[in-house]
Amino acid sequence: MITRRTALLGAAVAALVATAPALAAEDLKLPRQAVELVAPPFVHAHEQATKEAPKIIEFKLTIKEKEVVIDDAGTKFQAMTFNGSMPGPLMVVHEGDYVEVTLVNPETNTMPHNIDFHAATGGLGGGALTHVNPGEQVVLRWKATRTGTFVYHCAPDGMIPWHVVSGMHGTVMVLPRDGLKNREGKPLRYDRLYYIGENDLYVPKDANGKYKSYETPGEAFADTTEVMRKLIPTHVVFNGKVGALTGKNAMTAKVGETVMIVHSQANRDTRPHLIGGHGDYVWETGKFINPPQKDLETWFIRGGSAGAALYTFRQPGIYAYVNHNLIEAVELGASAHFKVEGEWNNDLMKQVKPPGPIPPGKSSAADPAVQTR
């Protein structure tokens with residue numbers, strides 16, 4: 001079991017061996033913009049393209065260790081989160097902006113934490129410069145030099161996979177300053193943006209096969225690690241729990257609207273699929289410098305990355321958005337819904353005849369067997 005003392009000592013050692021750069025003598029002479037983050041699947045207000053010069057974009061992430069319920073059976077899980085959500089919030093900036101993050105680890109927490117930005121350059125993505133014990137905070141600034149969608153996650157020495165699968169991951173989206181484009185260089189825009197973070201969870205069971213619960217994350221460490229090492233998740237969920245994005249929590253749109261879906265998986269490969277729809281434009285690797293693929297039925301998100309897809313809804317109704325490993329979607333929870341309003345288009349789909357009795361003599365089962373020699 002990891003104790004508070006052991007964890008704090010581990011973070012202290014990691015901080016000592018990290019090579020910290022000299023402090024800048026003078027701050028950047030750039031305008032600043034403070035952004036209030038919002039919980040997924042929603043995203044803070046932002047411009048899709050900008051003619052303004054680069055800025056320092058300020059974000060604040062507060063680490064919250066908390067117990068959450070992850071399914072309809074009431075299974076409890078000791079989560080570690082950024083800002084209280086699984087995944088952490090999506091941060092949107094433009095290429096050339098500076099991302100300045102204040103990472104807060106309240107004294108009520110029990111674990112050391114840090115943050116590794118896949119979009120950043122150097123210092124283990126910032127992980128070497130952001131180790132904070134409970135009761136501490138740190139400020140990190142890095143320049144957004146590459147466009148695309150990028151994962152961020154907690155990466156404390158000796159505990160990386162445990163913290164990641166316990167909920168400590170999110171995404172940064174760096175947009176081109178002149179906006180998204182198709183292969184021909186024509187602008188692409190979206191009316192709505194939703195962020196879906198997929199999480200594989202590993203919940204220990206007792207001798208009777210019942211899911212166990214724990215008072216703190218540290219108490220769950222040994223049992224959870226044993227389950228993790230078998231590489232078989234007990235749950236695979238979108239945005240923290242089974243059904244988090246279905247029913248009254250379904251994502252909404254209207255016929256004719258273009259929706260951007262950012263999908264991340266910080267640990268395992270996944271295969272997003274929109275049942276009844278398509279990926280009109282898909283950045284499967286999430287990097288906007290590469291031209292988008294068109295008209296995909298299912299796309300692939302590599303573990304440790306985030307991808308993006310645009311789709312213009314053409315019919316009303318409920319669309320299921322799933323991990324098309326259907327066992328994980330149906331049995332383990334990796335499913336979400338879009339609820340789309342509008343007028344039905346019979347030219348795209350029409351029920352020509354409703355279900356009814358099979359007319360006599362028309363059943364293939366009643367047809368005589370085909371004789372072959």
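Worth knowing before you read on, the calculation uses all heavy atoms, side chains too, and leaves out hydrogens, waters and symmetry mates.
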Residues Lys55, Glu52: salt bridge by 4.0 Å N-O rule
yes

Are the side chains of Thr252 and Tyr194 in contact, using a 4.5 Å heavy-atom criterion?
yes

Which label fits Phe313 and Tyr319: parallel for a plane angle under 30°, tilted from 30 to 60°, or perpendicular past 60°?
perpendicular

Between Met228 and Ile70, is there a shared hydrophobic cluster once you connect ILVMFWY residues whose side-chain heavy atoms come closer than 4.5 Å?
no

Mark yes when over 12 heavy atoms from residues, nucleotides or ligands other than Arg146 sit less than 6.0 Å from its CZ; otherwise mark no.
no

Identify the heavy atoms of Pro89 and Leu37 that sit nearest to each other, and give their distance.
CB-CB, 3.9 Å

Please check if Met80 and Val227 belong to a single hydrophobic cluster, counting links between Ile, Leu, Val, Met, Phe, Trp and Tyr side chain heavy atoms closer than 4.5 Å.
yes

Whether the Gln315 and Asn345 side chains hold a donor-acceptor pair (N or O, under 3.5 Å, no angle test) is what I'd like checked.
no

Between Asp206 (side chain only) and Lys212 (backbone N and O only), is there a donor and an acceptor less than 3.5 Å apart?
no

Contact summary for His337 and Gly247, nearest pair of heavy atoms:
ND1-N, 4.0 Å

Look at atom CG of Leu348 and say whether more than 12 heavy atoms of other residues, nucleotides or ligands are closer to it than 6.0 Å.
yes

For the CD atom on Glu67, are there more than 12 heavy atoms of other groups (residues, nucleotides or ligands in this structure) within a distance under 6.0 Å?
yes

Going by atom types alone, do Thr110 and Glu65 pair a side-chain donor with an acceptor below 3.5 Å?
yes

With side chain to side chain contact (heavy atoms under 4.5 Å, CB included) as the test, pick out the partner of Phe338 among Ile318, Val259, Leu245.
Val259

Are any non-hydrogen side-chain atoms of Phe59 and Val93 less than 4.5 angstrom apart?
yes

Less than 4.0 Å between a side-chain N and a carboxylate O, is that true for Arg32 and Glu100?
yes

Give the minimum heavy-atom separation between Leu180 and Met260, together with the two atoms involved.
CD1-CE, 4.0 Å

Are Val172 and Leu175 connected, step by step, through hydrophobic side chains (Ile, Leu, Val, Met, Phe, Trp, Tyr) whose heavy atoms are closer than 4.5 Å?
no

Would you mind reporting whether Asn239 and Ile196 have side-chain heavy atoms less than 4.5 Å apart?
yes

For the NZ atom of Lys254 and the CD atom of Glu343, what is their distance to the nearest 0.5 Å?
12.5 Å

Give the minimum heavy-atom separation between Asn133 and Pro112, together with the two atoms involved.
OD1-CB, 3.6 Å

Quick one: sort the Tyr152 and Phe117 rings into parallel, tilted or perpendicular, breaks at 30° and 60°.
tilted

Mark yes or no for whether Asp97, through its side chain, and Ala53, through its backbone, hold a donor-acceptor pair below 3.5 Å.
no

What orientation do His324 and His273 show, parallel under 30°, tilted 30 to 60°, or perpendicular over 60°?
perpendicular

If you round to the nearest 0.5 Å, how far is CG of Asp178 from OG1 of Thr50?
10.5 Å

How many angstroms lie between atom OG1 of Thr270 and atom CG of Asn323, to the nearest 0.5 angstrom?
3.5 Å

Between the main-chain N or O of Lys186 and the side-chain N or O of Glu184, is there a donor-acceptor pair closer than 3.5 Å?
no

Using only heavy-atom distances, determine whether the side chains of Asn105 and Glu136 contain a donor-acceptor pair under 3.5 Å.
no

Are Thr102 and Gln137 packed together at the side-chain level, in the sense that at least one heavy-atom pair is separated by less than 4.5 angstrom?
yes

Is the Lys NZ or Arg CZ of Lys181 less than 6.0 Å from the centre of Phe288's six-membered ring, within 45° of the axis?
no

Determine, step by step, whether Tyr195 and His263 satisfy the ring-ring contact (aromatic ring centres under 6.0 Å, His included) criterion, reporting the C-alpha distance in whole Å, the side-chain angles of both residues, the deciding distance to 0.1 Å, and the verdict.
CA-CA 6 Å; Tyr195 172 43; His263 190 125; 8.7 Å; no

Any chance you could measure Cys154, atom SG, to Asn114, atom CG, to the nearest 0.5 Å?
5.0 Å

Is the closest side-chain heavy-atom distance between His278 and Arg314 below 4.5 Å?
no

With a 4.5 Å limit on heavy-atom distance, are the side chains of Glu36 and His44 in contact?
no

Is the shortest heavy-atom distance from the side chain of Leu61 to the side chain of Ile115 under 4.5 Å?
yes

Verify same cluster id: Phe77, Phe221 (apolar side-chain graph, 4.5 Å):
no

Please state whether the rings of His46 and Tyr190 are parallel, tilted or perpendicular, taking 30° and 60° as the class boundaries.
tilted

Please work out which of the three classes, parallel, tilted or perpendicular, describes the rings of His235 and Tyr211, given edges at 30° and 60°.
tilted

Please confirm whether the backbone N or O of Tyr281 pairs with a side-chain atom of Gln293, one donor and one acceptor, at under 3.5 Å?
no

Less than 4.5 Å apart, any side-chain heavy atom of Met168 and any of Met111?
no

Which pair of non-hydrogen atoms, one from Gly96 and one from Pro54, has the smallest distance, and what is that distance?
O-CB, 3.2 Å

Just by modelled atom types, is the Thr285 backbone N or O under 3.5 Å from a matching donor or acceptor in the Ser305 side chain?
no

Is the side chain of Trp344 donor-acceptor paired with the backbone N or O of Met349 at a distance under 3.5 Å, no angle test?
yes

For a side-chain hydrogen bond (donor to acceptor under 3.5 Å, both in side chains) check, start with the C-alpha distance between Thr147 and Glu95, then their side-chain angles and the critical distance, and finish with the verdict.
CA-CA 6 Å; Thr147 62; Glu95 183 180 12; 5.2 Å; no

Set out, in order, the CA-CA distance, both residues' side-chain angles and the distance that settles ring-ring contact (aromatic ring centres under 6.0 Å, His included) for His163 and His113, then state yes or no.
CA-CA 9 Å; His163 280 230; His113 298 282; 4.9 Å; yes

For the backbone of Gly170 and the side chain of His153, can you confirm whether one donor and one acceptor N or O come within less than 3.5 Å of each other?
no

Is it the case that one hydrophobic cluster holds both Tyr321 and Val282, taking links as side-chain heavy atoms less than 4.5 Å apart, direct or via other members?
yes

Under 3.5 Å donor-acceptor, Lys287 side chain and Thr149 backbone:
yes

Salt-bridge criterion met for Glu297 and Arg271 (N-O under 4.0 Å)
no

Indicate the atoms forming the closest heavy-atom contact of Val255 with Gly342, along with that distance.
CG2-CA, 3.7 Å

How far does CG of Asn325 sit from CG of Asp269, to the nearest 0.5 angstrom?
11.0 Å

